[in-house]
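Scroll down for the structure; my scribbles are underneath it.
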Amino acid sequence: MSDQKIYKPDEIEPKWQERWEKDGIYWSDIDKSRKKYYALTMLPYPSGDLHMGHWWAMSPSDARARYMRMKGYNVLFPIGFDAFGLPAENAAISRNIHPRKWTYANIEKMRKQLRSMGAMFDWRREAISSDPEYYRWTEWFFIQLHKHNLAYRKKAPVDWCPKCNTTLAREQVWGEDRHCERCNTPVIKKELEQWFFRTTSYADELLDFSNLDWPERVRLLQTNWIGRSEGASVIFHTEQGDPLEVFTTRPDTLWGATFMVIAPEHPLVEKLTTQDQNSQVKAYIAQTLRQSEIQREAADKEKSGVFTGGYAINPVNGKRIPIWIADYVLMTYGTGAIMAVPAHDQRDFEFAIKFGLPILPVIDRLDGLTKSFVHHSAVKEGFFEAVAPLGVNCEKDAEGWNFTFLVEKADEFIQVVKNYISPGHWVEIVGSKWLFVFDQEIIIWDSVETSQRILELCRQRNSEVKKYRTLMEMLWQRPFYRDALYHDGYGTMINSEEFSGTPGDQAKDKVIAWLQSRGIGKSLVNYRLRDWLISRQRYWGAPIPIIYCPEHGAVAVPEEELPVLLPDDVEWRPTGESPLKLHPTWKNTTCPICGKPAERETDTMDTFMCSSWYHLRYLSPHYDKGPFDPEEYDYWMPVDTYTGGIEHATMHLIYTRFFHKACRDMGITKGPEPMLQLRNQGIILGEDSEKMSKSRGNVVAPDELVARYGADTVRAYLMFFARWDMGGPWSSGGIEGTSRWIRRVWALYQNMPKPGNPTKETLRNLRRKVHQTLKQVTHDYESFEFNTVISGLMELLNEMIKAAENGAAGSKEWQEALEIFLLMMAPATPHIAEELWAVLGKPYSVHLQAWPVLDPQAIIEDVITLVIQVNGKVRDRIEVAANISEEDAKVVALKSEVIQKFLGGKTPQKIIVVPGKLVNIVI
RNA sequence: GCCGAAGUGGCGGAAUUGGCAGACGCGCACGACUCAAAAUCGUGUUCCUUCGGGAGUGAGGGUUCGAUUCCCUCCUUCGGCACCA
C-alpha cells in the first residue's frame, strides 16, 4: 500500500466539509416540484462544548435526513441555538463575563464542533434565540397570546432566599432542607405576581394524539402529566352558611363522608376555627409553612392534621360532619377542600384511624358475604356444632377462627355467638350488612351515628385491653378483614338512603344526575396540568413586553416598538437580584396609552417559550415582517420527523404543542399539530452506567475520538453500538471494531482486487447479498434501527471480500456492489463515502445520488437449508431447492439417516411442513 | 404506591408474522506474516458432556407440533409521576 492510500480522516473530512459548504449542496430551498421533508433535531443549548449526547442525538438524525434526501425528498435539516438561559447568567456572576459574550463565544466554538460531525445542516437557516431579530418575535408571540386572553397575571409562589433577597431557580435550591446554593440559607416561598399561559384551556386537545406518529411512551407520559380525572363538584356548606365546594371522582361515596379536610392555606380556615381550637390550628399552620415542599409531599409521611372546631353539612343527607385541616390536601389541586370517605379512600382511611374519626362503608365489597373473626380462647364447647348447619366456611389461623358465610345467615350466626362465647370476649362481624357484635351489644353499621358508637366502644375497649390500640387498627392489620373494611373500587352502593342497592357500574352517573337535578353539584373534569408559568426573575431571557401604567395597568408594548431590547450596560450585584431591576433607567418608560410615566416589566420569559417556536424561525431566520415567511411556512410545515431526547416529553413537547394550537386559534399557524412524527433516542451513560458528568469523571469527549478515529468512525460507532431508542452505557472498546471496518472498506476500494474467473454462482450470490442488504438497510433507515444498518453493511463487506477472493472483481455485479455499498454507506459515513465515490471515478457528489433501486428478483434464494425437527427439536439440516413442494419436503425429511435413527422405527403421528423453512415430525 | 420500559454468551447487541437462538462487533485463544512488536490476515469461541448427546433467552407455570416472541404469576434493573381527592 503506498503512503497516499493510507486512510487519513483528518485530511479527507475537512476537505469534503469545505467543498460541500462551498457548493452549498445542503441548502434547502422551496421547490414545489419535489415533495418536502422537514427533519428537525432538537436544538442544543450553547454550553460551550458539544458532548457525546449531542453526537448521539444528532448524527443518526443526520443519517436519517440524508437517507430521506436520497429517497428523493427535498429535505430541510436546520440547526440553531437555544441561547437564553441561566448558565450564561451564572457565568456572568462567577466569572464576571457578560452573558452575551459568554454565549456567543460558546456558539462559535460549538459551530466548529458541529461542522466536524459532517452533518447536512443548512447553515444559512441558523437561528439563535438570543438574537434581537429572534426574540423580537418571541415578544411578539407573547403579545398575541396576551391579546387573545391566553396570557394572564396572578400571584404564584417562587423559591426565595431571604438573605440574598432574590428568587432562585429550581436548580439553585439544594439539599433535603432546600437551602440557597450561595449562602446556605433555607429557602422560603414568596408570592409574586407572575405571568401565565392558559395551557389548561388546551388540556383536552393535548390528550388527543390521533394522526400523530409519536412513541406510545411519550403519549403516556403526556397523558399522565395532563392527568385528566372525571368527577363532580359538590357544594357543602359550613354551619355558619359559607359554601365549601369540593371536587370528587367518587360522588357515589358521598353518603360515606364522615368528615371534611381543607388545606392549611384554605381561605375559610380562620373563619371556621373556634376559640378553643385556635392555638392548635395556629401551631399546625406554622408547622406546615416551615416544612419544605419535599417534606410535605413525601407520600409515606404519617398523616398530620388538626380539628378546626367547625362543622359542615353534607348536602346529600343533612348530616353534620367535622372539618379538619391537613397538609395532605393541596390548595393547588381541585378546590383545596375534600370530603373524606375513610371507608373508600386510602388517605382518608389513614387519617381517620390516626385521629379516631368514624368510618362508614357505603360500597359493598363482599357481594352478599359476611366475615367474622373469633379468638381461640373465646369459643365455648358446642360452638362448632352450632355453627355447622349455617354453611359457614371456617379457617383457623394463629390467633383464632375466620368465618365466611352468606349475609342471610348473619342473624342466626349472631345467636350462636351469643350462646357460645365466653364472657369478656368479643366477636367482630363485617360484611354486606356491616354488623358488629361487642359482647352482647349488636350494632348495625349503617350511619355516621352508629359508626361513632362503634368508635366509642373501641375507645373504651382500648383503655380496658392494652393489647389492642383501636379496633380499627386491629382490623386493618388482619388481611382477612382489610378488603372487607376498606377498598377503593366500585361496587353496589349501601347505607346510602334511596341509592342503596345501585350497582357499581351505574352509581357514579346516577348520583351526578341527581346532584345536578337538586342543584347541589355538577359533573366536572379536573386536570393535574397547571397553567404555564413563564415569568423568570432573570436578565438573560426575552423581556416580557409589558408596561405597567399607574392608570391603565398592564399594557402591551405596541408591536411596532418591538423588540424590547435587553440593555447591555448591566451589572451583577452579589445579591443575585436581576440586573434589569437594578438598571437605573431601563425600566423607566411611558404608557403607550396615556404617555405618562410608567415602568417596564423586569421579568423575562422562560426559555421554553423561545424553544416552542424555533422550528418556525428556521424557515426564515432573517425575515422581518413576521415571525416567519408564510411562503416558507406553507411549503415546509409541519415538521415531518422530530428527533430528540425523551427527557423533553412532558415539558418542551407539551409547550410546543400548546403553542402551535394557540397560534392556530389566533390564525398564525395551520393544522392541528406542529410535529407529525417523533422519535426519541435513549440516554447514553458513562462507562460506569452512571450519567456522564464532569464531577464523576466519566465523560467521553467526542472531539478526542474524532481526532483519533475520524468523524465517520464516531458516527458509525454511535449508530452501531446500541439501539438508538434505548441508549445505554458507553463502551469504549467497541469503537476499534467500527474503526477496523472503516479501514477495511478503505483498503478494499483503494487496492481493488484483481479480476478473476468467477463462477455464475459466485456472481449470483454476490448480487443476492447486495440486494438483500439493500432491502434490510432501507427498512432499518425507515424505522430508525441504525445499529442493524451498520451490521448489515459489515456483513456485506465480508461477503464482498469473499466474492473477490472467488474472482468476482471486475464483473458488472462487482461494480454494482461497489456502488450500492457506497450509496448505502453515504448517510452514515458521509466523508469516506464521498472520497471512495471519487475513487470509483463516479461524478460528484455521492450525496446527490438517488437511493439504489431494489431488484426483487435478485434476492430470491434458489437453495435453502431445510430444517428437520423431531418433536420440535432440530435434528438435521438438508440443502434443498427453494421451491420444493410440501410432499417432496416430507419425503426428503423422512429419508434422512439422522431422522430415521431418531424415529427408531416408529411411525410419525403428524408431519408439519412450513414451506421454505422446516419440517417437524411428531412421534 | 401508580404508570411505563427492559432482562438473551465474558461484554455491546441480533433474531421482519410463533419456525435453525446467539447475526454483526468487542474481548479472548491459537495460528500466519515479523528478528521482535504493532498493524493486518486466518481459525475457533453459549454452557455441560462419558462425544451418543443434554441444557439454555431473569424465575415458575400455561397455550402450541414448535415460544426469546403469545397468556398468567413472581423477581430484578431503569425511567416518569407521586397525599391529584
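Every chain is numbered from 1, with letters handed out A, B, ... down the list of sequences.
Between A:T788 and B:A23, a side-chain N or O to OP1/OP2 separation shorter than 4.0 Å is absent. The side chain of A:R347 places no N or O atom within less than 4.0 Å of a non-bridging phosphate oxygen (OP1 or OP2) of B:G1. In terms of phosphate contacts, A:R743 brings a side-chain nitrogen or oxygen within less than 4.0 Å of OP1 or OP2 of B:U40. For the pair A:R740 and B:G27, the criterion of a side-chain N or O lying under 4.0 Å from OP1 or OP2 is met. OP1 or OP2 of B:G54 sits under 4.0 Å from a side-chain N or O of A:R875. A sub-4.0 Å separation between OP1 or OP2 of B:A14 and a side-chain N or O of A:N787 is present. Between A:N798 and B:G25 there is a side-chain N or O to OP1 or OP2 distance below 4.0 Å.
Base contact: A:V914 has a heavy atom under 4.0 Å from a base atom. Residue-level contact check: A:F720 touches the bases, meaning some heavy atom is under 4.0 Å from a base atom. In this structure, A:W741 reaches neither bases nor backbone, as no heavy-atom distance under 4.0 Å exists between it and the strands shown. Among the protein residues, A:V867 comes within range of the nucleic acid bases, having at least one heavy atom under 4.0 Å from a base atom. In this structure, A:L220 reaches the sugar-phosphate backbone alone: every heavy-atom distance under 4.0 Å involves primed, P, OP1 or OP2 atoms, never a base. Within 4.0 Å of A:F721, counting heavy atoms only, lie sugar-phosphate atoms of the nucleic acid but no base atom. Nucleic acid contact for A:M726: sugar-phosphate only, since backbone atoms but no base atoms lie under 4.0 Å from a heavy atom of the residue. Within the nucleic acid shown, A:L918 comes within 4.0 Å of at least one base atom, counting heavy atoms only. A:Q869 comes within 4.0 angstrom of a base, heavy atoms only. Contacts of A:G733 with the nucleic acid, taken as non-hydrogen atoms under 4.0 Å apart, involve only primed sugar atoms and P, OP1 or OP2.
Between A:H648 and A:F608, the ring planes lie perpendicular to each other; the angle is over 60°, past the 30° to 60° tilted range. The aromatic rings of A:Y655 and A:W532 sit parallel to each other, their planes meeting at less than 30°, with 60° as the upper class boundary. Ring geometry for A:W724 versus A:F784: interplanar angle under 30°, hence parallel rather than tilted (30 to 60°).
Atom name P, nucleotides B:C84 and B:C71: the rounded distance is 31 Å, in whole Å. Only the C1' atoms considered, B:A21 is 7 Å distant from B:U68, to the nearest whole Å. Atom P of B:C75 sits at a distance of 48 Å from the matching atom of B:U43, rounded to the whole Å. For the P atom pair drawn from B:G44 and B:C70, the interatomic distance equals 34 Å after rounding to whole Å. A gap of 11 Å separates the P atoms of B:A38 and B:C28, to the nearest Å. Between the P atoms of B:U45 and B:C35, the separation comes to 32 Å (whole Å).
The glycosidic torsion of B:G52 lies within 90° of 0, which places this base in the syn conformation. Anti is the glycosidic conformation of B:G53, whose angle departs from 0 by more than 90°.
In this structure, A:W746 and A:I6 approach most closely via the heavy-atom pair NE1-C, 3.5 Å.
Mapping A:S731 and A:V874 onto RNA chain B by nearest heavy atom places A:S731 closer to the 5' end of the strand.
For A:E785, whose side chain is taken as the heavy atoms from C-beta onward, the closest listed nucleotide among B:A21, B:A15, B:A85 is B:A15.
One finds a salt bridge joining A:D213 and A:R679 here, because a Lys/Arg side-chain nitrogen approaches an Asp/Glu carboxylate oxygen to under 4.0 Å.
The cationic atom of A:K508 (NZ for Lys, CZ for Arg) does not lie both less than 6.0 Å from the six-membered ring centre of A:Y490 and within 45° of the ring axis.
Proximity of a side-chain donor or acceptor of A:R528 to a complementary backbone N or O of A:R228 within less than 3.5 Å is not detected.
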